[in-house]
Structures are given as structure tokens and as C-alpha cells.
There are 2 protein chains.
Amino acid sequence: MSGIECCNGLTMAESDLQTRARELLRAADGRITSARLAVLEVLLGSAAALSHHEIENAIAQRGRDVDRVTLYRVLDWLVERDLAHRIASEDRIWRFNAVDRVQAGDHAHFHCTRCGQIVCLDGPYSSAAPALPTGYQPERTEITIHGRCPGCAG
Amino acid sequence: MSGIECCNGLTMAESDLQTRARELLRAADGRITSARLAVLEVLLGSAAALSHHEIENAIAQRGRDVDRVTLYRVLDWLVERDLAHRIASEDRIWRFNAVDRVQAGDHAHFHCTRCGQIVCLDGPYSSAAPALPTGYQPERTEITIHGRCPGCAG
DNA sequence: TTAAAAGATGCAATCCAATTGCATCTATGG
DNA sequence: CCATAGATGCAATTGGATTGCATCTTTTAA
Ligand SMILES: [Mn+2]
Ligand SMILES: [Mn+2]
Ligand SMILES: [Zn+2]
Ligand SMILES: [Zn+2]
């Protein structure tokens, strides 16, 4: 099976990724360019959040080419349009994934302390945080679980 | 009152900060240098976690001078020796505070979305995170509450 | 079908936090 | 006071990310 695992457990062939990417870009208002298509296809095809370099490599593997700066700008644009999701981590590298693959809105993340991989966790979460000092106004709680991913455990 | 608010609500004069910094350095095994004293004093005097630049400025204000690279190395050393605590955030800038001021071990953080300030939250916390996919082994949960600090609210 | 206009891209230069190499200096034990 | 392990200062460098600007492409409307 050469398909790529999707959020609903089904698989999505590469041609379907292309179709889906184009659909999503058409729905967003903005131009449908080859750079945006290439980047969004890569993101749609990955369960883990991808770094700039990982996306660049994935695009190259598919025989396409996107300038580094264009890639940064495409990613910014996708995030602005809520087509992608940007995650910060301790290694100071931004990682991105397609919003189409993850739960809408806030969600928790898992970070592998060995390989650095980050995945979004679907499902509800809550936290029992210590009481805030007087005057602090909470807006949003971020939860990251650090540990070992399946490939790095054992 | 010219003292600096400390974790227990009391105030600590600058001379006391110097004394405390020297005590802590003596307890750790390593040389007691003016750079380490200057940095640790600044960290002990701040409730908020401080960036490299903020520490540099605070040291300069006290009429002292520490080379940028030395400051990085002192901070690394303090973290290694568990005298300081390093926090990553979305702006890709490390922030530090004195371990002496915060709860030992894991604790939650508050991040102000307006001024960027980060403070450590004392007290127990727990999270109800979504179930992890098969094979993922959790080790530690990180919680950051984003919102407005007292100065930025209202 | 074509011509503008708005928008996207490529390239070079730049920014900025952080790191590294290396010569020099200094805190500490003897 | 000396010897030396260890710390520091300075210059150069790294690496992710950003900016300026000329050029190219997508889209819209004539
Ligand atoms: Mn996510
Ligand atoms: Mn903390
Ligand atoms: Zn891993
Ligand atoms: Zn604030």
C-alpha cells in the first residue's frame, strides 16, 4: 500500500493530495500557484509537523523546486489563511502541518525528546494549572507532552 | 521601599542579593567569578524570566560589564549546575531565572501575549491530555498559560 | 484574446540569537 | 607566590528567518 495515512485512518494517494491541495487553495481566496500547491501537498501528506528543511527536501524529492524565501512566504501565507498551523519548539525551529489534518482550534502536542518529531494530538484536553497571581488574565492554555515516539521508544 | 520583591513576598535588598548569589556559587562547585556573581544577582532580583539582552542591560545598569559570549557561557553553566532555569518561547529567545526563586522541578509558565514576559508559576499542576496514539511514551507534560500580565491587562 | 494590475517569486543582502576557536587572563589549591 | 585548570574576551561563524527590490505570473476586465 503506497498511500499515506490520513487523519481519518484512511489512506490518501499522491494524486488525491494534489486534488485536495487544489481544493483547499481554491476555497481560500488567493492565487493558486505551483509553490503553494507543492507545499500544501507535502503538508497534507505528513502526520508529523514538518520543518522548513523537511518541506524543502520533500518538495525536491517530488522533482519540484521552490526557493527558500518563497517557501517561508508560502508558509506564512498558509498560516494566515488557516490552511497551516505553526508550532514552536525548544530547538528554535518552526514546524508546520496542514490544518486539514488536525483538530480545529487549540490542541495538545507531543514532542519526541530523541528525534525531535512533533505531532498534533486530537481530542479534548484540559489542565489543572496552579492559581494565577492577582491580575494575570488567562486566555489560552498550551500543553506539550514530551516523551518518546514509537520509533524512538523501546 | 527600594527592595526587590522575592518569592516569599518579602523584599531583598541589593546587598542581600550579592550575599545570596555568593552563597549559591560557593555551594555549587566551580569558581566564583565576577561574571557569575553579576548574572546570578540579576536573576535573583527578577520575578520574571529574563532574556540575554535583559540580563546584559541589567548588568550594565549596575555599572558592571560582561562580554556577550561570557554571558551565554555563564548562563549555560548556571543551568548545568541547576542554579538557573532556561525557558523557550515562541519568539525563539531563551529566558532565564534563578532556580532559587521558583518551585523545584517541573512547573507551569505564564506568557503575556502583549509584552512577551514569562513568569514561572508555583504550585502543583496536572493535565488531562488526549489519549496518546499507540506506542507513544509520555515522560513529562509542559503547560504554558498564555494571556495578559497585570501590566498589560485592563 | 489581450492588456493591465495586483500579487507572487527569485536572488542577494541582511538580521539576530547563539556558537565556536583560540589566545589570554584569573581564581584557586598547594 | 606558582602552577594550572578553568574562565574570559574578541573575532569569526553558524543557521533560521527576514527584507528590498527587480522580475515574473496569475487573475480580472476590457
Ligand atoms: Mn498542532
Ligand atoms: Mn520556570
Ligand atoms: Zn522520536
Ligand atoms: Zn505583559
Side-chain angles (χ1 to χ4, degrees), chain A residues 18 21-42 49-60 64-81 83-96 116-118, chain B residues 18 21-42 49-60 64-81 83-96 116-118:
Chain A
Q18 290 182 19
R22 193 172 287 273
E23 272 175 24
L24 290 167
L25 288 183
R26 201 175 327 126
D29 77 325
R31 296 185 179 171
I32 301 172
T33 68
S34 59
R36 288 174 183 172
L37 282 167
V39 174
L40 190 49
E41 281 170 34
V42 167
L50 299 177
S51 68
H52 180 101
H53 277 308
E54 288 167 334
I55 297 168
E56 205 171 18
N57 293 339
I59 289 174
R64 283 186 273 188
D65 186 51
V66 174
D67 178 78
R68 276 199 315 284
V69 176
T70 301
L71 177 48
Y72 278 114
R73 290 197 271 228
V74 165
L75 289 168
D76 284 347
W77 186 89
L78 291 173
V79 170
E80 261 175 27
R81 294 299 199 283
L83 290 172
H85 170 231
R86 177 171 42 207
I87 309 165
S89 69
E90 302 207 349
D91 61 8
R92 302 172 20 97
I93 292 175
W94 293 113
R95 284 180 177 74
F96 301 82
Q117 190 179 86
I118 293 175
Chain B
Q18 291 182 18
R22 194 172 287 273
E23 272 175 23
L24 290 167
L25 287 183
R26 202 175 325 127
D29 76 327
R31 296 187 180 172
I32 300 172
T33 68
S34 58
R36 287 174 185 171
L37 282 166
V39 175
L40 191 48
E41 279 170 35
V42 167
L50 299 178
S51 68
H52 180 100
H53 277 306
E54 289 167 333
I55 297 168
E56 206 171 18
N57 292 340
I59 290 174
R64 283 187 273 188
D65 186 50
V66 174
D67 178 79
R68 277 200 311 285
V69 177
T70 300
L71 177 48
Y72 278 114
R73 289 197 272 227
V74 164
L75 288 168
D76 283 348
W77 186 89
L78 291 173
V79 170
E80 261 175 26
R81 294 297 199 284
L83 291 171
H85 171 229
R86 177 171 43 204
I87 310 165
S89 70
E90 301 208 348
D91 61 9
R92 300 171 21 97
I93 291 175
W94 293 113
R95 285 181 176 75
F96 301 83
Q117 190 179 85
I118 293 175

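Naming convention: chains lettered A, B, ... in sequence-line order (proteins, then strands); numbering from 1 in each chain.
With rounding to whole Å, A:Glu56 atom CD is found 13 Å from D:dA17 atom C1'. In this structure, A:Arg68 atom CZ and D:dG15 atom P are separated by 12 Å, rounded to whole Å. Across the protein-nucleic acid pair, A:Leu75 atom CG and D:dG16 atom C1' stand 13 Å apart, rounded to whole Å. At whole-Å resolution of the value, CG in A:Asp91 and C1' in D:dG16 are 11 Å apart. The interatomic distance linking A:Arg92 (CZ) with D:dG15 (P) rounds to 13 Å, in whole Å. When the P atom of D:dG15 is taken as reference, atom CD1 of A:Ile93 falls 11 Å away, rounded to whole Å. Look at CG on B:Asp65: it is 19 Å from P on D:dA7, rounded to the nearest Å. D:dA11 atom C1' lies 10 Å from atom CG of B:Asp67, rounded to whole Å.
Contact check, A:Tyr72 against D:dA17: a side-chain N or O comes under 4.0 Å of OP1 or OP2.
Within residues 24-36 of chain B, the residues having any heavy atom closer than 4.0 Å to DNA chain D are, in order of number, B:Arg31, B:Thr33, B:Ala35, B:Arg36.
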Just distance, no hydrogens or angles: give the donor-acceptor pairs under 3.5 Å from side chains in residues 52-59 of chain B, sequence neighbours left out.
unit_1: B:His53; atom_1: ND1; unit_2: B:Glu56; atom_2: OE1; d: 3.4
unit_1: B:Glu54; atom_1: OE1; unit_2: B:Ser51; atom_2: N; d: 2.7
unit_1: B:Glu54; atom_1: OE1; unit_2: B:Ser51; atom_2: OG; d: 3.3
unit_1: B:Asn57; atom_1: ND2; unit_2: B:His53; atom_2: O; d: 3.3

Atom pairs and distances, side-chain donor-acceptor, residues 24-39 of chain A, under 3.5 Å, sequence neighbours left out:
unit_1: A:Thr33; atom_1: OG1; unit_2: A:Arg36; atom_2: N; d: 3.3
unit_1: A:Arg36; atom_1: NH1; unit_2: A:Arg31; atom_2: O; d: 2.8

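Crowding of B:Arg81 atom CZ: a count of heavy atoms from other residues, nucleotides or ligands under 6.0 Å exceeding 12.
A donor-acceptor contact shorter than 3.5 Å is absent between the side chain of A:Arg95 and the backbone of A:Ile87.
Both B:His52 and A:Val66 lie close to DNA chain C; mapped to their nearest nucleotides by heavy-atom distance, the more 5′-ward contact belongs to A:Val66.
Partners of B:Glu23 according to the side chain to side chain donor-acceptor pair (under 3.5 Å) rule, which considers only residues two or more places apart in sequence or in another chain, are B:Arg20. With sequence neighbours left out, B:Arg86 forms a side chain to side chain donor-acceptor pair (under 3.5 Å) with B:Asp76. Residues satisfying the side chain to side chain donor-acceptor pair (under 3.5 Å) criterion with A:Arg64, sequence neighbours excluded, are A:Glu41. The salt bridge (Lys or Arg N to Asp or Glu O under 4.0 Å) search around A:Asp67 returns none, not counting sequence neighbours. Among residues two or more places apart in sequence or in another chain, the salt bridge (Lys or Arg N to Asp or Glu O under 4.0 Å) test is passed with B:Asp65 by none.
Extent of DNA chain C lying under 4.0 Å from chain B heavy atoms, first and last nucleotide in 5' to 3' order, is C:dA17 to C:dT28.
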